[in-house]
Number of protein chains: 2
Amino acid sequence: MTVTLADVAARARVSPATVSRVLNGNYPVAASTRDRVLRAVDDLDYVLNGPASSLAAATSDLVGILVNDIADPFFGIMAGAAQSEIGGPGDGSGRAGGEKLAVVCNTGGSPERELTYLTLLQRQRAAAVVLTGGALEDPAHQAVMAAKLAKLADAGTRIVFCGRPPLPDSDAVVAALAFDNRGGGRRLTEHLLELGHRRIGYVAGPLERTTTRHRLEGHREAMKAAGLYADEESLTVHGPYDRRSGYDATLELLRRAPEVTAVVAANDTVALGAGAAIREHGLRIPEDVSVAGFDDLPFSVDAVPALTTVRLPLFEAGARAGRLAMGKETPPPGGIATIEAELMVRGSTAPPRG
Amino acid sequence: MTVTLADVAARARVSPATVSRVLNGNYPVAASTRDRVLRAVDDLDYVLNGPASSLAAATSDLVGILVNDIADPFFGIMAGAAQSEIGGPGDGSGRAGGEKLAVVCNTGGSPERELTYLTLLQRQRAAAVVLTGGALEDPAHQAVMAAKLAKLADAGTRIVFCGRPPLPDSDAVVAALAFDNRGGGRRLTEHLLELGHRRIGYVAGPLERTTTRHRLEGHREAMKAAGLYADEESLTVHGPYDRRSGYDATLELLRRAPEVTAVVAANDTVALGAGAAIREHGLRIPEDVSVAGFDDLPFSVDAVPALTTVRLPLFEAGARAGRLAMGKETPPPGGIATIEAELMVRGSTAPPRG
DNA sequence: CTGTTAGCGCATTCAC
DNA sequence: GTGAATGCGCTAACAG
C-alpha cells in the first residue's frame with residue numbers, strides 16, 4: 001500500500017522522529033544518518049502525507065492567491081510573480097522539499113466566491129493569503145470580509161493585499177500594496193487636457209469597485225481643475241472590465257455625445273474594445289478621437305496605434321506581495337504602501353481635430 | 001482557542017460522530033438533530049479542519065490545475081473554465097459545503113516546476129489534477145512524468161489532460177483532450193497558399209514542445225502538398241511563446257528572407273510582436289506582408305488589421321476538462337478526444353502584392 | 001544527536 | 001438514528 005514515514009524509518013534503521021527531522025530540515029541531524037534516511041526515501045519513493053503533517057504541526061504549506069479574473073493578464077502577471085516568490089525555485093528533482101504550494105483561486109469577481117475561497121483556505125489552515133485587485137465597495141460585504149480576514153489572521157494566516165486599498169481599522173492584514181489609481185487617472189486626463197481636449201468620454205469599470213471609483217475620481221479631479229465638470233454623468237458609461245464592454249459602452253458613448261474628441265477607458269482591455277467601436281463608427285484614432293487605457297498590459301504597445309496608458313508595475317507588485325506573504329520582506333511602515341503609476345504617452349492620443 | 005468538532009458536538013448535545021455526519025451529509029440524520037448541529041456550527045463559527053478531515057478520510061478536496069504561463073490568457077481561459085466547473089457555485093453564504101478547492105499552479109513552462117507541483121499535489125492527496133498545454137518532447141522527462149502520474153493515479157487522483165496530447169501506453173490518465181494543432185496549422189497555411197503566397201515565413205514556438213511541433217508539421221504538410229518544401233529551415237525561426245520573441249524572430253526572418261510575403265506565427269501573442277516588427281520594417285499589413293496567428297485569443301479580433309488565426313475553443317475545453325476531473329462527465333472512447341480548430345479569416349491576410 | 005511518548009481533529013467501523 | 005472507540009500519519013515535546 002502507501003508507504004509511510006514509519007516504513008522509511010524502518011528501512012533506514014532510525015526512529016520516525018529522525019526521519020521527520022531530516023525531511024523538515026529544521027533540526028540538527030548527523031550527516032550519515034541523513035544520507036541513510038534520504039536513500040530510504042528515494043528507495044521507497046516516499047511522499048510525505050501533507051494532511052497528516054499539517055494536522056500534527058497545525059500549519060500547512062498552502063498559500064492562496066485570490067484573483068478576480070484569471071483570464072485577464074492584469075491578474076495573471078501579479079499572480080505569476082507572487083507565485084514565483086512563494087513557490088521557491090525547487091531543487092530540480094521534483095522531490096519537493098520545504099516548498100510552499102502557491103495556488104491561485106479565481107473568484108470571477110464574485111463576492112460570494114471570494115468568501116468561499118477564503119473559507120476553503122481557512123479550512124486548509126493556509127499559511128498565507130494574497131488578495132489581488134480592487135475591492136467591492138458594498139459595506140456589508142466589506143464587514144463580512146474584515147471579520148473573515150480577522151479570523152484567518154487569528155489562526156496564523158498571513159494576509160497581504162496587492163493592488164487593493166487597505167482595510168480601515170484592521171491589523172489582520174500584514175501589508176497592503178495599493179496602486180495609485182487616482183493619481184494615474186489624474187495624470188492621464190491632464191495629458192489629454194494639455195493636448196487640447198475638452199470633451200472627454202469615460203468608459204468606466206463596474207460601479208461598485210474601488211479601482212473603478214479611484215480611477216474615475218482622478219479623471220474628475222483633473223477635469224475639475226480645468227473647470228470642466230459640467231457633463232460628468234452623460235460622458236461616463238459603466239461596464240465590466242472586458243473587451244466587449246468597452247466596445248458596447250463606447251458605441252453608447254458616441255451615440256450620446258458625438259462631439260467627444262477623446263475616450264478614456266477603464267483599462268487597456270476595455271480600450272481595445274473602445275478602439276474597435278470608434279473605428280467601426282468611421283472615426284480614425286487618433287486623428288478624430290484619441291483613446292487611452294490603463295495598466296499598460298503587454299499587448300498595449302503593439303496596438304495600432306500604440307496605446308497611451310498608465311503603467312502599473314504589476315510584476316514587481318506581485319513579487320513584493322509574494323515576499324511579504326512569506327515574511328521574506330519587512331512590511332512598509334503602517335503596513336501600507338502606495339505603488340506609483342506612470343503615464344505612458346504613445347500614438348493613440350493626439351491633439352483634437354480642428 | 002480554535003473550535004473543534006467536539007465543541008460543536010458538546011453545544012449541540014450530540015456526539016462528535018453525529019456532527020461529522022451532518023457536515024458530510026452522506027448519512028441519514030434526523031432533521032431536528034441536523035438543525036441543532038447546524039445552529040451550533042453557526043454559533044461557534046466552526047470551520048472544519050481540512051488536514052484532519054483529509055487524514056482521517058484519506059482524501060482531500062483539493063484539485064490542481066497546472067498551466068505553463070498564468071499571465072497568458074490562453075491558459076487563463078482554460079484554467080478559469082475548469083475552475084468554474086470544479087469549484088461549484090457556492091451557496092452564497094461563504095460557509096463552503098462540499099466544495100472542492102480548485103487551484104491553479106503556474107509551472108512557467110519549467111519541467112522541474114511541473115514535477116514539483118505534482119509532488120506537492122500528491123503530498124496533499126489531491127482529488128484530481130488537470131494538466132493544460134503542450135508537453136515537453138524530452139523522453140527522459142516524459143518517462144518521469146508518466147511514472148509520477150501513474151503514482152498519483154494509484155493514490156486515487158484523477159488525471160485529465162487539456163490541450164495536451166495523450167501519454168502513450170498509460171491508463172493513468174482519465175481523459176486527454178487534445179487540440180487539433182496539426183490540422184489547424186495545415187488549414188491556415190492552405191489559406192495562405194490559396195491567396196497566392198509562395199514564400200511563407202514561420203515564427204515557431206520553442207523547439208521541444210509538442211504544440212510547436214504539431215503546428216509546424218501542419219504548416220509543412222500544406223507546403224509539401226503544394227510542392228513548396230525547399231527552404232523549410234531558412235524560413236523557420238524558433239522562440240518562446242511571447243510577444244517579444246515574435247518581434248525579434250520576425251526581424252531575423254525579414255533579414256534572412258526579405259522576399260517573404262506572409263508570416264505565420266506560433267500563436268496570437270507572437271503574431272502581435274511579428275506585426276510590430278513588420279511595421280517597423282516599413283512594411284504594411286496585409287498589403288506587403290500577410291500575418292496569421294493561432295488560438296484566437298480575445299484581443300486578436302481587435303488587432304489592426306484584425307488577425308487571421310485559428311480558433312481553439314479554450315473555454316469549452318477547459319470546462320469539459322473540469323467536468324471530467326470531477327467525474328461529472330463520462331470520458332470519451334479510449335480516453336482520448338481531439339478538439340477541432342477552426343480557421344478564422346480576417347483582415348491581416350490578403351493576396352501577395354503584384 | 002537520537003529514540004519514546006502523546007496527541008493533532010476527524011471519519012469510521014462497530015454496537016446500541 | 002445515534003454514541004463510543006479506534007486509528008489515519010505525522011510532529012513536538014520530552015528524555016537520554
Side-chain angles (χ1 to χ4, degrees), chain A residues 1-38 40-41 44-62 96-98 122-127 155-156, chain B residues 1-38 40-41 44-62 96-98 120 122-125 127 155-156:
Chain A
M1 269 303 289
T2 156
V3 27
T4 75
L5 192 146
D7 300 329
V8 176
R11 187 173 228 278
R13 312 184 125 299
V14 295
S15 74
T18 300
V19 177
S20 173
R21 292 198 264 253
V22 335
L23 256 33
N24 291 311
N26 45 14
Y27 212 83
V29 173
S32 65
T33 316
R34 167 191 283 100
D35 287 350
R36 206 141 33 87
V37 170
L38 287 180
V41 166
L44 270 51
D45 237 346
Y46 170 69
V47 175
L48 191 69
N49 184 317
S53 167
S54 296
L55 174 57
T59 62
S60 97
D61 54 2
L62 198 73
Q122 180 183 12
R123 183 182 285 188
Q124 301 295 334
R125 306 301 190 250
Chain B
M1 272 301 293
T2 156
V3 27
T4 75
L5 192 146
D7 300 329
V8 176
R11 187 171 228 278
R13 310 184 127 301
V14 294
S15 74
T18 300
V19 177
S20 173
R21 293 199 262 253
V22 334
L23 256 33
N24 290 309
N26 44 15
Y27 210 85
V29 173
S32 65
T33 315
R34 164 189 287 103
D35 287 350
R36 206 141 32 87
V37 169
L38 287 179
V41 166
L44 270 52
D45 238 346
Y46 170 69
V47 175
L48 191 69
N49 184 318
S53 168
S54 295
L55 174 58
T59 62
S60 98
D61 54 0
L62 198 73
L120 251 16
Q122 181 182 10
R123 183 182 283 188
Q124 302 294 335
R125 306 303 189 250

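Letters A, B, ... mirror the listed sequences (proteins, then strands); counts begin at 1.
Sorted pairs that involve residues 22-38 of chain B and meet salt bridge (Lys or Arg N to Asp or Glu O under 4.0 Å), not counting sequence neighbours, are lacking altogether.
Among the heavy atoms of the strands lying under 4.0 Å from B/Leu5 are primed sugar atoms or P, OP1, OP2 only; no base atom is included.
Positionally, the nearest nucleotide of DNA chain D for B/Ala56 lies more toward the 5' end than for the other of A/Val19 and B/Ala56. Residue A/Ala52 is the one, among B/Asn24 and A/Ala52, whose nearest nucleotide of DNA chain C lies closer to the 5' end (criterion: closest heavy atom).
In this structure, B/Asp7 places its CG atom 14 Å from C1' of C/dC8, rounding to the nearest Å. Atom-to-atom, CG of A/Asn49 to P of D/dG9 comes out at 7 Å; the value is rounded to the nearest Å. For A/Leu55 and C/dC10, the CG to P distance is 9 Å, given to the nearest whole Å. Atom-to-atom, CG of B/Asn26 to P of C/dC10 comes out at 15 Å; the value is rounded to the nearest Å. Taking atom CZ of A/Arg123 as the reference point, atom P of C/dG9 lies 16 Å away to the nearest angstrom.
When the salt bridge (Lys or Arg N to Asp or Glu O under 4.0 Å) test is applied to B/Arg11, the partners found at least two apart in sequence or on another chain are B/Asp43.
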Could you list all N or O pairs between the protein and nucleotides 1-4 of chain C that sit under 3.5 Å apart?
from	atom 1	to	atom 2	distance (Å)
C/dT2	OP1	A/Thr33	OG1	2.3
C/dT2	OP2	A/Ala30	N	2.8
C/dG3	OP2	A/Ser15	N	2.9
C/dG3	OP2	A/Ser15	OG	3.3
C/dG3	OP2	A/Thr18	OG1	2.8
C/dG3	N7	A/Arg21	NH2	2.7
C/dG3	O6	A/Arg21	NH1	3.3
C/dG3	O6	A/Arg21	NH2	3.4

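Look at B/Ser20 and you'll find a side-chain N or O under 4.0 angstrom from OP1 or OP2 of C/dA11.
Within the 4.5 Å cutoff, the side chain of B/Thr18 has no heavy atoms near those of the B/Pro16 side chain.
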Fill in: side chain to side chain contact (heavy atoms under 4.5 Å, CB included) evaluation trace for B/Val22 with B/Thr33
CA-CA 9 Å; B/Val22 334; B/Thr33 315; 5.7 Å; no
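Checked by atom type and distance alone, the side chain of B/Arg13 never pairs as donor or acceptor with a backbone atom of B/Ala10 at under 3.5 Å.
Of all the heavy atoms in A/Val8 and A/Val19, the pair that sits closest is CG1-CG1, 3.9 Å.
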